[in-house]
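In what follows, a single structure is set out as structure tokens and then discussed.
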Amino acid sequence: VMRVLYLHGNPATQRIADVWGSYRKMVLARLPGLTFLDERPVHKNEMRFSVAWLEGGMAAESQERVRIMEERAEEERNNLLQLSEARERRRQENL
């Protein structure tokens, strides 16, 4: 599995962008194992955006962004609930 790809300055990058509209998104969607592309790391959410974009265009990418925001909000709610429960247990232990 390819993890790092450096094509910065390669004429192929412009051809990919001309055909697909976005060189970086296209490469990431086609090579999901990449962790570094050109001069930047690949973040998990960027990979998700790129795959959604390839599968359904900008609308699908936008929906994926919403899903990620919802996942983050749910994770934050769960973390706060766990913190609250831990505080309550500690309070009960100190009574």
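Nothing fancy with the numbering, it's 1 onward along the sequence.
- Placement of V66 and M47 in two distinct hydrophobic clusters is found when ILVMFWY residues are connected by side-chain heavy-atom separations under 4.5 Å, directly or transitively.
- For the atom pair R89 CZ and N94 CG, the distance stands at 13.0 Å (nearest 0.5 Å).
- In this structure, K44 NZ and T35 OG1 are separated by 15.0 Å, a value rounded to the nearest 0.5 Å.
- Minimum heavy-atom separation, W20 to W53: O-CZ2, 3.2 Å.
- Hydrophobic clustering, with ILVMFWY side chains joined whenever heavy atoms are under 4.5 angstrom apart, groups L31 together with V19.
- The salt bridge (charged side-chain N to carboxylate O under 4.0 Å, His left out) pairs that include a residue from residues 5-23 number zero, where partners must be two or more places apart or lie in different chains.
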Stepwise side-chain contact (heavy atoms from CB on, under 4.5 Å) test for N45 and R48: CA-CA 5 Å; N45 288 344; R48 288 178 62 180; 4.3 Å; yes
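- Here the CG-CG distance, from N78 to L83, works out to 12.5 Å after rounding to the nearest 0.5 Å.
- Listed by chain and number, the residues in a side-chain contact (heavy atoms from CB on, under 4.5 Å) with A60 are A52 (sequence neighbours excluded).
- A distance-only check finds no donor-acceptor pair linking the side chain of S84 to the backbone of L80 [under 3.5 Å].
- Side chain of R3 to main chain of F36: no donor-acceptor pair is present (N/O by atom type, distance under 3.5 Å, no hydrogens or angles).
- Salt bridge annotation for R67-E71: absent, with no cationic side-chain nitrogen under 4.0 angstrom from a carboxylate oxygen.
- With hydrogens and angles ignored, the 3.5 Å screen pairs a side-chain donor or acceptor of R24 with a backbone N or O of L37.
- Here CZ of F49 is found 10.5 Å from CE of M58. Values are rounded to the nearest 0.5 Å.
- Look at E74 and R77 and you find a salt bridge, because one of the NZ, NE, NH1 or NH2 atoms lies within 4.0 Å of a carboxylate O, short of that distance.
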Check step by step if side-chain contact (heavy atoms from CB on, under 4.5 Å) holds for E88 and Q92. CA-CA 6 Å; E88 181 60 25; Q92 291 295 326; 2.8 Å; yes
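- Here I16 contributes atom CD1 and N10 contributes atom CG; the two are 8.0 Å apart, rounded to the nearest 0.5 Å.
- The two residues L7 and Y23 make their nearest non-hydrogen contact at CB-OH, 3.4 Å.
- A continuous path of ILVMFWY side-chain contacts below 4.5 Å connects M2 to V42, so both sit in one hydrophobic cluster.
- The hydrophobic clustering, which links ILVMFWY residues whose side-chain heavy atoms are closer than 4.5 Å, places I68 and V51 apart.
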